[in-house]
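Right, one structure below, let's go through it.
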Amino acid sequence: VTTTLAPRPVPLLAPPKPMAPLAVAKQRLDSGLKVMAVERGGAPLVELRLRVPFVSADAAELARAALLSETLLSGTQDRSNAELASALQALGADLNARVDADRLLISGEALAAGLPGMLALLAEVLIGAAYPDDEVGGERGRLVEELKISWAQPSVMAKEALLQRMFGTHPYGRDRPRPEQVAEAGAEDVRGLHGARVLPQESTLVLVGDVPADQAIEHAAEALSGWKATGTPSTAPPVPPIEPGPVQLVDRPGSVQSSIRVGGAALPRSDPGFAALQLANMVFGGYFSSRLVANIREDKGYTYSPHSVLRHASGSTTLQVDADVASEVTAPALLEIAYELGRIATLPVGADELEDARQYSIGSLALAIATQSGLADRIIALDRSGLEPEWLQEHHRNLTTVTIEEVAEQAARFLAPTKLVTVVLGDADDVEPSMRTLGEVIRA
Amino acid sequence: VPSVSYPVERATLANGLRVVISRDPRAPVVAVAVHYDVGIRSEPEGRTGFAHLFEHLMFQGSVSLEKMEHFRYVQASGGTFNGTTHLDFTNYYELLPSNALERALFLEADRMRSPRLTEETLANQIAVVKEEIRVNVMNRPYGGFPWLLLPPVMFDTFPNAHNGYGDFVDLESATLDDARGFFGRYYAPGNAVLSITGDVDVAEALRLVERHFGDIPARPVPQRPSLAEPDLDGQRRDETVDQHAPTPAVSMSWRVPDPLVETDAYLPYVVLAEVLTDGDASRLRRRLVKQDRLVTSVYGHLSFTGDPFEVRDPDVLVLTAFHPGPSDPVVAAIDEEIDRLASDGLEPGELERVKARIAARMFGKIEPILERAQQLAVLEQQRGRAELAGELPGLLTEVTGTQVEEAAAKLRPERRALLDLVPGAQRNGETT
């Protein structure tokens with residue numbers, strides 16, 4: 001039986017299957033609303049995503065926008081909130097709305113047979129959301145309380161601090177409003193904002209599920225024919241350059257961990273260098289088999305889930321590195337992160353590292369679109385970047401040809417520590433002295 | 001409600017490993033999940049959090065793989081992986097392009113054969129797990145509420161009541177001998193279910209399973225001890241202080257019928273939880289959120305981990321509410337609404353719409369093949385019927401209004417455990 005515990009060779013992969021082209025039906029309605037649909041079985045459901053461009057000029061407007069998304073489904077001329085909710089539930093449906101720095105996103109699903117009904121209810125609120133005074137007043141109080149809870153989460157505090165550090169007062173400098181600003185928004189504000197911003201022209205509706213694509217588009221065209229183009233959709237102003245500087249320390253007394261966030265500019269998906277930057281980020285910290293995870297988790301045990309991601313908005317793409325580390329290793333963790341960034345920005349990656357990252361990225365394309373909800377999410381995310389679903393095939397091809405030199409070029413441009421800004425949220429009195437041994441620290 | 005049937009092929013290897021395969025060729029991807037019948041409730045006293053720590057160690061190398069190689073082989077195949085520790089099982093899984101099926105089976109078989117356990121990886125993963133607990137529990141508001149904090153109010157015996165993430169003292173006391181013993185006792189092939197879902201040829205997949213798992217020696221399978229506890233005979237109420245929380249919260253639980261033995265009696269509670277808390281049309285949201293404006297949110301579900309079909313007895317129905325004001329009016333309003341449901345019954349159409357939503361959610365949950373593979377595994381492991389994955393929405397539609405009302409009538413204050421979460425700042429400001 002001794003042979004049982006002898007090492008064995010790891011099996012090779014079978015030949016890969018080619019990526020099947022996506023059959024996406026598309027139609028632009030008279031109102032300008034773009035509708036895309038994909039038939040996909042798997043469950044007797046249909047997934048819905050509606051993206052409406054929605055840029056809030058300042059923090060107060062973001063607060064009104066948040067109240068709008070919270071109360072969009074709170075009633076129409078014909079139905080109360082409870083009646084709307086009951087009607088959706090009877091279709092096996094759920095719809096919810098949220099707003100961020102540049103869009104209102106309405107997401108939902110229904111039993112496939114419930115698609116026409118769900119679209120009719122969606123049209124009813126898009127055209128005739130009433131924002132009744134009592135509903136808005138009550139929901140405002142609730143939203144204020146929920147935001148207090150949200151702003152007590154270190155992950156939220158750290159994210160907002162980094163966005164503000166990168167973008168200042170630009171709309172991309174905030175992701176969620178402060179509770180005290182929501183408290184000042186009223187029903188009249190929200191009704192006005194709906195009229196000005198919830199417009200079909202630049203909006204996109206995606207339907208994915210167990211419904212023939214042409215049929216889904218017909219249902220959408222019929223249900224949404226009353227949603228008319230008026231006004232002008234909002235767009236984000238150009239983003240300001242990110243100005244590097246000292247580490248910013250945000251105090252959260254009593255923290256037992258420091259939330260380290262490093263951010264910087266990145267290339268959009270549409271850029272010819274994007275695939276190389278994506279792979280550079282992978283090798284650095286974009287997946288579990290990365291240098292960052294190997295170093296500060298699997299070697300040093302400083303943190304549970306360090307990672308680095310590229311975040312895409314309509315008018316900006318950013319790189320963001322996250323690591324929540326034990327307070328006592330805040331400075332050593334910052335040092336290791338800077339080391340790994342500096343290393344990838346100045347030395348070529350190994351051929352095997354590049355190949356692993358490439359295969360992972362190619363595989364991820366297939367995994368991400370293998371489910372109804374995943375495919376709907378991916379299509380609406382690409383649409384936010386101004387890209388068609390067919391971009392997935394193009395990106396697949398680009399990933400296959402990226403070279404070590406191209407990775408080095410993009411890493412030097414975007415992963416060099418000198419290009420990035422760092423925010424640390426933690427118990428400042430506890431962590432500041434050791435952080436100062438590495439360089440300048442300013443308190444936020 | 002439409003019905004869905006997932007094909008299930010099953011086999012049992014000579015060493016006792018049970019295998020379920022469900023083919024779905026819609027996308028060129030495959031999910032592989034191995035569920036071991038050991039979880040938080042299997043931990044020995046003095047070793048809280050050990051099942052989860054051990055799950056981490058299972059990724060640290062095995063017979064043929066150095067540390068980091070497991071991750072690398074999965075991801076370099078274009079796949080993803082993870083493992084999760086639950087009350088009654090621990091699972092390990094990969095989702096990959098379907099050309100990597102054999103590799104995934106090899107990786108799982110290699111660590112089922114023998115994980116590589118060293119002092120270095122043990123110390124490293126104790127540190128990592130401590131950071132996981134800090135980020136998910138200690139450094140955030142409402143960390144572990146209610147899933148870690150309510151069980152000790154509800155239950156008396158160690159398996160049911162203890163903190164499954166683990167006390168730091170216990171984690172730091174863990175030894176390699178503990179790990180070897182735990183593996184030897186609970187990670188026998190006969191104590192596991194291997195589940196494969198996706199773009200596979202069933203016969204070929206079975207051949208590969210036999211090739212890689214077939215020569216793992218059989219070992220005795222541990223008897224599952226009874227975890228039964230008597231129902232509560234009076235309300236239990238406790239309080240916990242959360243230094244990070246800005247507003248109070250309350251969570252309460254009641255015992256429900258045995259999910260496996262009394263499935264017919266259990267299903268009405270699944271529907272009841274939805275009647276009470278699913279969406280703006282639900283009873284408690286209408287009353288507490290919309291009408292009385294007492295709470296900002298309210299949630300309800302079966303089992304402390306939120307999935308009604310992955311737990312054995314004893315199980316619970318849990319209601320949790322976040323409320324800016326005092327908790328007593330919230331608790332009183334919940335009791336009133338439950339009484340009203342039990343005595344006045346459901347409204348016309350209420351049961352049908354709730355069932356439609358439950359069905360949609362259940363179909364949606366297992367539409368991704370990775371979630372389906374896990375659902376098939378746990379249903380096969382605990383109930384011997386992976387096919388239930390497709391049948392459960394239909395079974396839930398057979399629940400009657402009377403059954404739901406009778407279940408509501410059982411949610412009496414005297415059968416309840418209740419935990420108030422008090423914000424630390426608020427508590428410190430009080431003079432009483």
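Residue numbers begin at 1 in each chain, while the letters A, B, ... track the order of the sequences. Just so you know, these numbers use all the heavy atoms, side chains as well, and skip hydrogens, waters and symmetry mates.
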Quiz item: Where on B:Glu352 is there a heavy atom nearer than 4.5 Å to chain A: the side chain, the backbone, both, or neither?
Solution: neither
Quiz item: Would you say the side chains of B:His244 and A:Arg252 form a donor-acceptor pair under 3.5 Å?
Solution: yes
Quiz item: What are the two closest heavy atoms between B:Tyr6 and A:Gly42, and how far apart are they?
Solution: OH-O, 4.1 Å
Quiz item: Who among B:Met138, B:Arg103, B:Glu69, B:His212 has the most heavy-atom pairs with chain A under 4.5 Å?
Solution: B:Arg103
Quiz item: So which of A:Glu83, A:Arg40, A:Lys148, A:Glu109 has the largest heavy-atom pair count under 4.5 angstrom toward chain B?
Solution: A:Glu109
Side chains of residues 287-295 of chain A: which donor-acceptor pairs under 3.5 Å do they make with residues two or more places apart or in other chains?
{"unit_1": "A:Tyr287", "atom_1": "OH", "unit_2": "A:Ala357", "atom_2": "N", "d": "3.4"}
{"unit_1": "A:Ser289", "atom_1": "OG", "unit_2": "B:Phe71", "atom_2": "O", "d": "3.4"}
{"unit_1": "A:Ser289", "atom_1": "OG", "unit_2": "B:Gln75", "atom_2": "OE1", "d": "2.6"}
{"unit_1": "A:Ser290", "atom_1": "OG", "unit_2": "A:Tyr287", "atom_2": "O", "d": "2.7"}
{"unit_1": "A:Ser290", "atom_1": "OG", "unit_2": "A:Val293", "atom_2": "N", "d": "3.4"}
{"unit_1": "A:Arg291", "atom_1": "NE", "unit_2": "A:Glu353", "atom_2": "OE2", "d": "2.8"}
{"unit_1": "A:Arg291", "atom_1": "NH2", "unit_2": "A:Glu353", "atom_2": "OE1", "d": "2.8"}
{"unit_1": "A:Arg291", "atom_1": "NH2", "unit_2": "A:Glu353", "atom_2": "OE2", "d": "3.4"}
{"unit_1": "A:Asn295", "atom_1": "OD1", "unit_2": "A:Lys300", "atom_2": "NZ", "d": "2.7"}
{"unit_1": "A:Asn295", "atom_1": "ND2", "unit_2": "A:Glu336", "atom_2": "OE1", "d": "2.9"}
{"unit_1": "A:Asn295", "atom_1": "ND2", "unit_2": "A:Glu340", "atom_2": "OE2", "d": "3.0"}

Quiz item: B:Val129, B:Val354, B:Asp24: which one forms the most heavy-atom pairs within less than 4.5 Å of chain A?
Solution: B:Val354
Quiz item: Which one, A:Asn96, A:Ile149, A:Leu73, leads in non-hydrogen pairs under 4.5 Å with chain B?
Solution: A:Ile149
Quiz item: Where does A:Pro16 contact chain B at under 4.5 Å (heavy atoms): side chain, backbone, both or neither?
Solution: both
Practice problem: Please step through salt bridge (charged side-chain N to carboxylate O under 4.0 Å, His left out) for the pair A:Glu139 and B:Arg293, ending with a clear verdict. | Solution: CA-CA 9 Å; A:Glu139 287 299 292; B:Arg293 299 281 174 196; 2.8 Å; yes
Quiz prompt | Partner chain A: residue of B:Leu65, B:Asp199, B:Leu105 with the largest heavy-atom pair count (under 4.5 Å) | solution = B:Asp199
Practice problem: Pick one of side chain, backbone, both or neither for B:Lys290, based on which atoms fall under 4.5 Å of a heavy atom in chain A. | Solution: side chain
Quiz item: Quick one: what part of B:Ala360 sits under 4.5 Å from any heavy atom of chain A, side chain, backbone, both or neither?
Solution: both
Quiz item: Which atoms of B:Arg134 come close to chain A, meaning under 4.5 Å heavy atom to heavy atom: side chain ones, backbone ones, both, or neither?
Solution: both
Quiz prompt | Top of A:Val256, A:Ile369, A:Asp352, A:Thr303 for chain B proximity - count of heavy-atom pairs under 4.5 angstrom | solution = A:Val256
Practice problem: State the CD-OG distance between B:Glu350 and A:Ser86, to the nearest 0.5 angstrom. | Solution: 8.0 Å
Quiz item: So which of B:Asn124, B:Asp280, B:Asp110, B:Val29 has the biggest tally of heavy-atom pairs under 4.5 Å with chain A?
Solution: B:Asn124
Quiz item: Based on non-hydrogen pairs under 4.5 Å, which of B:Pro141, B:Ala76, B:Ser62, B:Pro28 is most in contact with chain A?
Solution: B:Pro141
Quiz item: Tell me, side chain or backbone of A:Val144 under 4.5 Å from chain B's heavy atoms, or both, or neither?
Solution: neither
Quiz item: Residues two or more places apart in sequence or in another chain: which of them pass ring-ring contact (aromatic ring centres under 6.0 Å, His included) with A:His307?
Solution: none
Practice problem: Evaluate the side-chain proximity of A:Glu145 to B:Ser297: yes if any heavy-atom separation is below 4.5 Å, no if none is. | Solution: no
Practice problem: Among A:Val10, A:Leu13, A:Asp356, find the one that has a side chain to side chain contact (heavy atoms under 4.5 Å, CB included) with B:Ser77. | Solution: A:Leu13
Quiz item: At their closest point, which heavy atom of B:Arg286 faces which heavy atom of A:Ala82, and how far apart are they?
Solution: CD-CB, 3.9 Å
Quiz prompt | Contacting moiety of B:Pro2, where chain A heavy atoms sit under 4.5 Å | solution = side chain
Exercise. Heavy-atom pairs under 4.5 Å with chain A are the metric here; pick the option from B:Ile133, B:Asn136, B:Val128 that has the most.
Key: B:Val128
Quiz item: So what's closer than 4.5 Å to chain B heavy atoms on A:Ala93: side chain, backbone, both or neither?
Solution: backbone
Exercise. Tell me, for A:Ser373 versus chain B, whether the close heavy atoms (under 4.5 Å) come from the side chain, the backbone, both or neither.
Key: backbone
